[in-house]
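Right, one structure below, let's go through it.
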Amino acid sequence: MKQLINVPETVVADALRGMAAAHPELSVDVENRVITRADAPVAGKVALVSGGGSGHEPLHGGFVGPGMLDAACPGEVFTSPVPDQMTRAAAAVDSGAGVLFVVKNYTGDVLNFDMAAELAEDEGVQVARVLVEDDVAVTDSTFTAGRRGTGGTLFVEKIAGAAAQEGAPLDRVAAIARQVSESCRSFGVALSPCTTPAKGSPTFELPAGELELGIGIHGEPGRERRGMMTSGEIADATVDALLADRMPTAPVLALVNGMGATPLLELYGFNAEVQRALSERGVVVARTLVGNYVTSLDMAGCSLTLCQADEETLRLWDAPVRTPGLRWGA
Amino acid sequence: MKQLINVPETVVADALRGMAAAHPELSVDVENRVITRADAPVAGKVALVSGGGSGHEPLHGGFVGPGMLDAACPGEVFTSPVPDQMTRAAAAVDSGAGVLFVVKNYTGDVLNFDMAAELAEDEGVQVARVLVEDDVAVTDSTFTAGRRGTGGTLFVEKIAGAAAQEGAPLDRVAAIARQVSESCRSFGVALSPCTTPAKGSPTFELPAGELELGIGIHGEPGRERRGMMTSGEIADATVDALLADRMPTAPVLALVNGMGATPLLELYGFNAEVQRALSERGVVVARTLVGNYVTSLDMAGCSLTLCQADEETLRLWDAPVRTPGLRWGA
Amino acid sequence: MSDRNTEAKWDSNRARHWMAAAARAMTDNEQRLTELDSPIGDADHGGNMRRGFQAVTSALDSAQEEGQLTGPGAVLTLAGRTLISKVGGASGPLYGTLLRRVGKTLGDEAEVDPSVLGEGLRAGVEGVVKLGGAAVGDKTMVDALQPAVDALESGFAAASQAALRGAEGTVPLRARKGRASYLGERSVGHQDPGATSAALLLGALAEVAGDE
Amino acid sequence: MSDRNTEAKWDSNRARHWMAAAARAMTDNEQRLTELDSPIGDADHGGNMRRGFQAVTSALDSAQEEGQLTGPGAVLTLAGRTLISKVGGASGPLYGTLLRRVGKTLGDEAEVDPSVLGEGLRAGVEGVVKLGGAAVGDKTMVDALQPAVDALESGFAAASQAALRGAEGTVPLRARKGRASYLGERSVGHQDPGATSAALLLGALAEVAGDE
Ligand SMILES: Nc1ncnc2c1ncn2[C@@H]1O[C@H](COP(=O)(O)OP(=O)(O)O)[C@@H](O)[C@H]1O
Ligand SMILES: Nc1ncnc2c1ncn2[C@@H]1O[C@H](COP(=O)(O)OP(=O)(O)O)[C@@H](O)[C@H]1O
Ligand SMILES: [Mg+2]
Ligand SMILES: [Mg+2]
Ligand SMILES: [Mg+2]
Ligand SMILES: [Mg+2]
């Protein structure tokens, strides 16, 4: 795979320079790798800080803005950021109302955010943490690092972000974030692997006529390889995997997510099959978001996240959001 | 390349069903392949109708909504739609104030829209047409079908859409659309070819270590093949190609567009180099949009569109827009 | 292919057979047409032709059941209208115009002489040239259609042969119309897909003209 | 590798040589570590280690110039802090904690006996186990680190050998920690990248311990 880059070493810094140029409403510290709302800290508001390895754009930097994150910390490609970034971000966006760290459940992310939380608290910032662990492809959690955090992150950041925007205090924002996190389930499928700039070749081999079920978002292979399936068959397998783990009741939010290289045309077609599969199984979807939101570089494929909502979280989901990657409402 | 589809024959219909499920604010006629604003016709407002082959999503269906298009007509993949779709769309959205057809300059699109314009006028709809022909890679226009319409389409649809939303009459909306169209220049680069569902294999061969300069958005090869270049070198070549054709003066709008499979991380990095290349050549950019907007299925690569604006078009560009693919303002 | 029946009249059945033979030819050659449309186009010509002519045969079947096909003119006018409303792309309006013009020329007669059909074809190709603006040598379907109508004096088989030669003759040409023109010099060395499908259409005509 | 100098004291220079040798080993093996991290991880371990230890050597160079490296404890504490603040991922905090604990154990002394360094390593590995929660057999760096400190009684070369054997011993294991654990049974048959880099770190130690 060829890449639109200069050299692998500068990929993240180059992207941050490009983001800064495109988004005057953000403040991008290229040197220290912190993206914040230009108007941060927002007086009286609880601040949301997230971050993780790069390569999942628009997550997380593209979700910084009113109604969602106050800051994001991008690491190297697929490598969690370092504690210095997170403490710097927390200090920059804390208005005194405290900071919520939104952490995807990977060993590296957890360790680095935990260290950062300790350091930030030493500096007098009140910190709460929510762990996103929504990927049902990781079974036997006791024999693994636990479920990965994937598409559910978007729901946690959006809904908790809306609560913070409305002025909820830190413990309330954290409680909502945890409730949303517990209510999300995801499952992903790869039609092709991705290529990291540093490696320059695909992270695993996937021959023509085969796909991987249960992949993560870091180019890691999935749990099972199968012969090529139709969009309808993939939707059935995905929905079955999710509902076997948790049968949601109305209202349900759905994210039909592209892994990066799957055309929107195909993704919408997949959504049609997802909706059919869900309605055949009695699941009524209240809101559906279709697009490339939690990606894995140039991987072709898709994931489905279902989030069991309630009237309150549905309202927070619908609340205005104004970020480069997600935008609606006034 | 593997595809997330059922069978090639139903790709467009499947995508329309998926769009309908995700976007209650749109009214999607799957059978007749017309996407309209659910609230159309909007009393007193000039209506904008566009369309073209599928495979360029979010263009055009994703640009239907307040402040942009009133209707879109998706053809088969890379095949312009048929006159019936356009006349049906025009009838559905015309409030009596007339309809502007936004047509990308391809033989098929021009012929079909022209036939539709005749038919619609027979039915009493007042129709104006704007042709988008912004691709500077097509030289010697007298010996070709003329410049292709590519990224500039987004500027025409957005800016003319804003004028219509403000209540401008048909001749004024058409005049603005033509002015914007004449002010746009685009140039595209492919790092990999795309695969149409019907063919199932890449539309042209592009070996490792080579790229194509001056490609269109239909998987057609470009004008020149070169050895692989860095993101900075591609930005220089692209900017040179555009400025050689027209040196814009402030204010300038820029679209740094992904062809579909290029990760946003790379696209932002490319934007950094584009901004550098432009500023080295004395071009000051007023607004930059980075993302996958005018795509070519799963092609990896990018295009740059520059649009010479003035105070009025800049204001219309900034005006609110609320569509699945482009959204800002109140 | 013999021209033994070239003197026989053309009625609505025979016109329908032409369209059915064309649909078979486009279906059988779908992949080839798409392959030709890949290096110098956008890889959709085979699908466009197959889809279009299949729509034509089902439209004709319905119209036949409803007794609307009173003559060859009605058949070809409906075929043209169907192509226009079902195909899209450059080829839909162009082939649609071609057949509609043929149909219009044939008028309401229940049957016509082959020479009238020939006249219709000349009018049809004129329509294509007027609509698309392509001349012979621009590497388009006109490079098959024009020689075909020029050879009509010698019968439909001769016209079909001329179309085939015309299609093959597009290989060394540099395109000046349609999508292939974007490639400039790089369009040289490839056969034009539209000229190829035009030869199939004329081949189907010769087949029906000669075999019945 | 001979242990002829294992009795020699460890001062700040010798500790810096260890870090420099580690940086060389990580740089030389960057591609290999990334390759190992591809089938059962996310293909970044080589870059993480190279980047991290290069940052360590430049941090040490600056601190040396400013006269801050008063003993081996200061060197290793700074090395650990640098890894934590420059690497990220799972390996950054884990290796950072390892070296910081070693440094803390060595304290402010200008030089220490090899046995104190050994003590430090034991504390460091304890820190890794506490932070990451992995036990021997979970297919992580602990599978190289734990046997290494268990073999320390027999010297640094023996520890390095044990680390190497431990890394190779991860091949048949099924991962229970880190990214590879997501693969379940499919993680079997691959050598753990972190165990491999741990063996490199111990190898660098043995090299410096034996050669000076
Ligand atoms: N202006 C024109 N006049 C005549 N024929 C044309 C013209 N433009 C294109 N064609 C024909 O149309 C063919 C392409 O048809 P098709 O692939 O179905 O449509 P599109 O080019 O829109 O994808 C070309 O091979 C050429 O023969
Ligand atoms: N919980 C843990 N305890 C000890 N070592 C671990 C743990 N999790 C991961 N590792 C080690 O870290 C290595 C991966 O490091 P690296 O690739 O740099 O980070 P990441 O997994 O975040 O991409 C693994 O090969 C393993 O040896
Ligand atoms: Mg990693
Ligand atoms: Mg086409
Ligand atoms: Mg074509
Ligand atoms: Mg890794």
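Because only heavy atoms are used, hydrogens play no part in the values below, and waters and symmetry mates are left out as well, while side chains stay in.
Side chain of B/E266 to main chain of A/I5: no donor-acceptor pair is present (N/O by atom type, distance under 3.5 Å, no hydrogens or angles). The closest donor-acceptor contact from the side chain of A/K2 to the backbone of B/P207 lies under 3.5 Å.
Note: B/L265 leads B/N271, B/N292, B/L267, B/L265 in heavy-atom pairs under 4.5 Å with chain A. Taking A/V77, A/L289, A/L206, A/V274 one by one and counting their heavy-atom pairs under 4.5 Å with chain B, the maximum is reached by A/L206. Of the residues considered (B/R322, B/R276, B/E210), B/E210 shows the highest number of contacts with chain A, using heavy-atom pairs under 4.5 Å.
Close approach to chain A, defined as a heavy atom under 4.5 Å from one of its heavy atoms, is seen in B/G260, B/A261, B/T262, B/P263, B/L264 of residues 255-264 of chain B, taken by number. Within residues 228-235 of chain B, the residues having any heavy atom under 4.5 Å from a heavy atom of chain A are, by residue number, B/M228, B/T230, B/S231, B/G232, B/I234. Scanning residues 10-18 of chain B against chain A with a 4.5 Å heavy-atom cutoff picks out B/V11, B/D14, B/A15, B/R17, B/G18, ordered by number.
In this structure, the portion of B/A208 lying under 4.5 Å from any heavy atom of chain A is its backbone and not its side chain. Contacts between A/P58 and chain B at a heavy-atom distance below 4.5 Å involve backbone atoms as well as side-chain atoms. At a 4.5 Å heavy-atom cutoff, the contact between B/Q275 and chain A is made by side-chain atoms alone. Using a 4.5 Å cut-off between heavy atoms, B/C302 touches chain A through its side chain atoms alone.
Counting non-hydrogen atoms of neighbouring residues, nucleotides and ligands closer than 6.0 angstrom, the CD atom of A/E205 reaches no more than 12 such neighbours. No more than 12 heavy atoms of other residues, nucleotides or ligands sit less than 6.0 Å from atom CD of A/E31.
Separation of atoms CE (B/M19) and OG1 (A/T288) is listed at 13.0 Å; rounding is to 0.5 Å. With rounding to the nearest 0.5 angstrom, the OH atom of A/Y268 is 2.5 Å from the NE2 atom of B/H23.
Remark: B/S296 pairs with no residue by the side chain to side chain donor-acceptor pair (under 3.5 Å) rule, at least two apart or across chains.
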